[in-house]
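The analysis underlying the following values was restricted to heavy atoms, covering all of them including side chains, and did not include hydrogens, waters or symmetry mates. Keep in mind it's a predicted model, so treat the numbers as computed, not measured.
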Amino acid sequence: MAEEKSLNFIEEIIEKDIKDGKHTTIATRFPPEPNGYLHLGHAKSIALNFGLALKYGGKTNLRFDDTNPVTEETEYVESIKGDVKWLGFSWAQELYASDYFDQLFSYAVRLINKGLAYVDDSTSEEIANQKGTPTQAGSNSTFRNRSIEENLQLFMDMRAGKYKDGEKVLRAKIDMAHINMLMRDPILYRIKHAHHHRTGDAWCIYPMYDFAHGQSDSIENITHSICTLEFVSHRELYDWFIEKLEIYPSRQYEFARLNMTYTMMSKRKLLQLVNDKHVNGWDDPRMPTLSGVRRRGYTPEAILDFCDRIGVAKRDNLIDIGLLEFCVRDHLNKIANRRMVVFDPLKVVITNYDERLTEQLPSENNPEAAENGIRTMPFGRELWIEQEDFMEVPPKKYFRLAPGQMVRLKSAYIIKCEEVIKDINGKVLELRCTYIPESKSGSDTSGIQVKGVIHWVHAQSALPVEVRLYDRLFTTEDMGSIEDDFTNHLNPTSLEVKTVYAEPALAHAKVEECFQFLRMGYFCMDPDSNTKKLVFNRTVTLRDMWAKAGK
RNA sequence: UGACCUAUGGUGUAACGGUAACACAGCAGAUUUUGAUUCUGCUUUUCCAGGUUCGAAUCCUGGUAGGUCAACCA
């Protein structure tokens with residue numbers, strides 16, 4: 001019963017192209033600039049580009065847009081490749097815009113020969129002034145009418161390193177009065193005596209984005225070049241180069257980038273968070289980077305499901321981060337094994353339980369996945385329960401522990417609170433309880449029905465572990481609308497670290513393994529863990545209707 | 001004060017001239033040895049004004065609102 005899923009606007013274009021015979025197969029590309037780590041916005045683009053190729057039997061190239069040597073590094077290339085693979089995609093070819101530097105150079109020469117490009121000695125301020133404004137036409141550069149021969153010679157000299165950075169640029173000769181600012185003689189090449197992460201010192205001139213991207217698409221025979229909305233006005237230039245150069249006509253289509261509540265997705269600002277140590281690196285679990293959410297415990301399946309649910313369209317959007325959390329809970333609920341961990345311990349002494357005795361009680365690893373089997377938990381006279389699970393004066397409908405009340409210890413026995421031990425300040429130190437021997441989980445003959453079920457750990461065998469409790473990084477819902485410094489909106493309590501008490505089975509956890517700590521949330525073992533100390537990151541809390549009700 | 005893009009519940013997305021639907025969120029209930037999960041039900045929607053049409057979210061015109069564009073960034 002495959003439910004017919006409606007097509008997004010790009011799929012409609014592709015299906016029409018195939019139906020019309022324009023293409024028999026498609027080729028897309030994912031074109032990151034290696035100047036930062038990939039984030040959830042990129043995941044949307046990756047899912048789209050690779051997903052389309054998979055759906056229509058085409059291919060997707062991974063192409064690094066590395067035309068600016070001063071910001072780009074090999075470290076970023078490696079992280080990007082790792083992230084794409086982690087999401088589960090395989091690229092047809094690993095390519096670099098820098099692979100095409102020779103080709104791009106000859107394209108520039110072709111344009112010069114056609115009288116469509118010229119070398120300009122103007123300073124960057126002069127060029128900016130010549131641009132005009134959106135409502136005001138620009139003016140021609142005084143160098144605009146150099147001869148083809150002179151332009152050719154000058155361009156060769158630029159390449160040969162005769163000039164310093166900023167001394168000259170190569171510009172397209174289009175129309176300084178064009179209504180589209182990008183068509184006002186855009187810069188094609190600039191001089192940068194900088195070391196490139198791949199081409200080393202072979203070049204001292206580098207093409208601009210507009211002169212590299214479309215041509216790279218064309219060289220690779222990309223049929224559908226998909227990018228975000230801010231490139232809409234670049235399309236006219238993209239098409240101009242294809243037309244004047246008479247090369248394979250790739251076509252550009254634009255979709256709305258992902259925006260998410262309480263999140264900021266700008267590589268520049270994420271870099272600042274890292275550099276200014278507001279977070280502990282690109283893979284800090286609070287970061288919206290793929291390496292961050294991975295370390296946080298998000299699964300590729302959850303992220304891809306999220307990308308699928310948010311859809312692809314052309315209007316600006318602000319997705320509720322709650323949807324991402326829904327997706328990860330939905331997946332983790334199915335795959336994560338359960339463990340009991342007490343965060344704020346309150347001692348419980350079972351007065352009628354033999355202190356020399358310890359039982360090993362079985363408990364299912366995951367009620368949603370019986371095949372995951374069971375593990376056993378030690379049970380004895382002294383236990384830890386959650387402070388939250390006891391109230392001396394409970395409100396109505398509180399069905400946890402209170403004086404004289406009964407509660408079920410998950411996978412163990414029903415206990416009754418007989419006595420509350422307090423210090424001189426009235427602080428509750430310990431609970432004296434009795435257990436009902438016939439109420440043993442799995443063989444309960446007591447006939448007692450209790451509404452409350454709580455988690456617990458055996459005091460003597462409890463394993464102290466560190467948990468890192470994350471909250472949203474920013475306190476403002478729409479970070480795109482702020483006008484002051486974004487660091488003013490950082491959440492000061494986005495990380496809380498504490499030591500908690502876990503059942504012994506957690507000792508066998510592996511790095512990146514996800515668990516549901518019963519009633520506390522989903523957690524994932526952090527790579528900081530070692531044999532002396534285990535560390536778990538809280539991926540997301542559980543949905544909690546009781547907390548929501550305000551107790 | 002120009003050009004371009006966009007406008008559907010709280011948030012997203014669909015409906016392709018035939019009488020607005022799906023998901024998340026919210027609310028209510030059932031089940032539950034996780035106040036989780038699961039299940040059931042409910043609330044809430046076509047930016048405005050004209051026009052075309054038997055019929056408009058959809059087509060046309062004009063407004064309005066939001067976004068984008070003046071880096072030797074991508």
Side-chain angles (χ1 to χ4, degrees), chain A residues 3 5-8 12 31-33 35 65-68 70-72 97 120 122-124 127-138 165-171 178-182 184 187-192 205-206 208-210 212-213 227 229-236 254 256 261 267-268 308-320 322-327 329-330 333-334 338 340 363-364 367-368 397-400 407-412 414 439 441-442 444 450-455 480 516-521 541-549:
Chain A
E3 186 113 335
K5 203 176 176 255
S6 56
L7 303 177
N8 65 48
E12 284 181 353
E33 182 189 9
N35 67 345
D65 233 328
D66 56 351
T67 57
N68 185 1
V70 304
T71 55
E72 295 153 4
D120 194 339
S122 304
T123 64
S124 73
I127 290 176
N129 290 332
Q130 290 160 18
K131 281 263 172 177
T133 71
T135 55
Q136 218 178 301
D165 287 11
E167 238 178 282
K168 285 183 167 48
V169 291
L170 181 74
R171 298 177 73 180
H178 200 108
I179 203 75
N180 182 346
M181 299 283 294
L182 288 162
R184 321 241 264 225
I187 293 171
L188 270 29
Y189 269 90
R190 76 287 214 193
I191 299 168
K192 274 180 194 278
I205 59 171
Y206 292 93
M208 297 287 288
Y209 165 83
D210 285 303
H213 199 104
C227 60
L229 248 27
E230 62 270 33
F231 292 97
V232 168
S233 54
H234 291 250
R235 191 175 60 232
E236 196 170 9
E254 312 87 13
T261 56
K267 270 202 273 184
R268 207 196 92 241
D308 197 47
R309 287 169 187 266
I310 60 177
V312 176
K314 295 187 75 160
R315 62 174 148 162
D316 293 315
N317 57 77
L318 183 61
I319 309 285
D320 188 344
L323 181 63
L324 212 214
E325 294 174 345
F326 166 83
C327 292
R329 285 190 189 107
D330 193 48
N333 176 48
K334 296 180 184 114
R338 273 57 168 171
M340 293 199 215
S363 188
E364 75 273 17
E368 309 289 323
K397 304 249 270 213
Y398 181 84
F399 38 83
R400 301 178 192 176
V407 79
R408 154 83 58 190
L409 296 176
K410 168 75 180 171
S411 296
I414 292 172
S439 68
S441 195
D444 185 351
V450 292
K451 198 92 196 267
V453 179
I454 65 173
H455 62 280
Q516 182 195 110
F517 290 174
L518 228 65
R519 304 204 303 142
M520 302 308 285
T541 58
L542 255 33
R543 207 158 153 257
D544 188 351
M545 298 302 278
W546 173 249
K548 199 166 289 176

- request: Determine the Euclidean distance between corresponding C1' atoms of rU64(B) and rA49(B); express it in Å to zero decimal places.
  value: 10 Å
- prompt: Just how far, in rounded Å, is P of rU32(B) from CZ of F399(A)?
  reply: 12 Å
task: Looking only at side-chain atoms of R543(A), point me to the closest of rC4(B), rG26(B), rC24(B).
output: rG26(B)
query: Hey, what do you get for CD1 (I127(A)) to CG (D120(A)), rounding to the nearest 0.5 Å?
result: 4.5 Å
field: Gap separating the OG atom of S122(A) from the CD1 atom of I187(A), nearest 0.5 angstrom
entry: 9.5 Å
- prompt: Closer than 4.0 Å, any side-chain N/O of R309(A) to the OP1 or OP2 of rG12(B)?
  reply: no
5'-most by nearest nucleotide on RNA chain B - K451(A) or A256(A): A256(A)
query: Taking the P atom of each, how far is rC27(B) from rA36(B), in whole Å?
result: 12 Å
- request: Please determine, for the side chain of I310(A), which listed nucleotide (rG12(B), rG35(B), rU34(B)) has the closest atom?
  value: rG12(B)
Nearest-angstrom distance, C1' atom, rU19(B) to rA57(B): 11 Å
message: Does Y398(A) reach a base, just sugar-phosphate, or nothing at all? Heavy atoms under 4.0 Å.
response: base
field: d(CZ, R338(A); C1', rU33(B)) in whole Å
entry: 13 Å
query: Is any side-chain N or O of S411(A) under 3.5 Å from a base N or O of rU33(B), one able to act as donor and the other as acceptor?
result: no
- prompt: Rounded to the Å, how far apart are D330(A) CG and rA36(B) P?
  reply: 15 Å
query: Which of the following nucleotides, rU34(B), rG35(B), rU13(B), is nearest to the side chain of A313(A)?
result: rU13(B)
field: Euclidean distance for P, rC39(B) against rU61(B) (whole angstrom)
entry: 47 Å
Atom P, compared across rA65(B) and rA70(B): separation rounded to whole Å: 23 Å
Minimum-distance pair of heavy atoms, taken over all atoms of R543(A) and M545(A): NH2-SD, 3.8 Å
message: Working to the nearest 0.5 angstrom, can you tell me the gap between K168(A) NZ and I191(A) CD1?
response: 7.5 Å
query: Does a side-chain N-to-carboxylate-O contact under 4.0 Å join D330(A) and K334(A)?
result: yes
- prompt: How are the rings of Y398(A) and W546(A) set relative to one another: parallel (under 30°), tilted (30 to 60°) or perpendicular (over 60°)?
  reply: tilted
query: Can you check whether H213(A)'s main-chain N or O pairs, donor with acceptor, with D65(A)'s side chain at less than 3.5 Å?
result: no
- prompt: The side chain of S6(A) lies closest to which of these nucleotides: rU37(B), rC24(B), rA14(B)?
  reply: rA14(B)
- line: Side-chain atoms of E368(A) come closest, of rC5(B), rA14(B), rU37(B), to rU37(B)
query: Rounded to the nearest Å, what distance is computed from the CD atom of residue E364(A) to the C1' atom of nucleotide rA36(B)?
result: 12 Å
- prompt: Between R519(A) (CZ) and rG35(B) (C1'), how many Å, whole number?
  reply: 8 Å
message: Taking atom types as they are modelled, would you say the side chain of Q516(A) forms a donor-acceptor pair with the base of rU34(B) within the 3.5 Å cutoff?
response: yes
Rounded interatomic separation in angstrom, taking CD from E254(A) and C1' from rU6(B): 13 Å
query: Do R338(A) side-chain atoms and Q516(A) backbone N/O form a donor-acceptor pair below 3.5 Å?
result: no
task: Figure out the CG/P separation between L323(A) and rG26(B), and round it to whole Å.
output: 12 Å
message: Distance check, P atoms only: rU44(B) and rG10(B), in whole angstrom units.
response: 11 Å
message: Donor-acceptor check, side chain of N35(A) to backbone of E72(A), threshold 3.5 angstrom: yes or no?
response: no
message: With rounding to the nearest 0.5 angstrom, report the NZ to CD1 distance, K410(A) to I454(A).
response: 12.5 Å
Rounded distance in Å - CD1 (I454(A)) to P (rA36(B)): 16 Å
field: Integer angstrom distance from the P of rA56(B) to that of rG18(B)
entry: 11 Å
task: Would you give a per-nucleotide map of nucleotides 64-74 of chain B, 5' to 3', where B means the base has a protein non-hydrogen atom under 4.0 Å away, S means only the sugar-phosphate does, and - means neither?
output: ---S-SB-BSB
- prompt: Mind checking the P distance from rC22(B) to rC42(B)? Whole angstroms is fine.
  reply: 11 Å
Value rounded to 0.5 Å, distance of CD in E167(A) from OG1 in T123(A): 12.0 Å
statement: In RNA chain B, consecutive runs of at least three Watson-Crick or G-U pairs below 3.5 Å, as range with range, amount to B:2-7 with B:64-69, B:10-13 with B:21-24, B:26-30 with B:38-42, B:47-51 with B:59-63
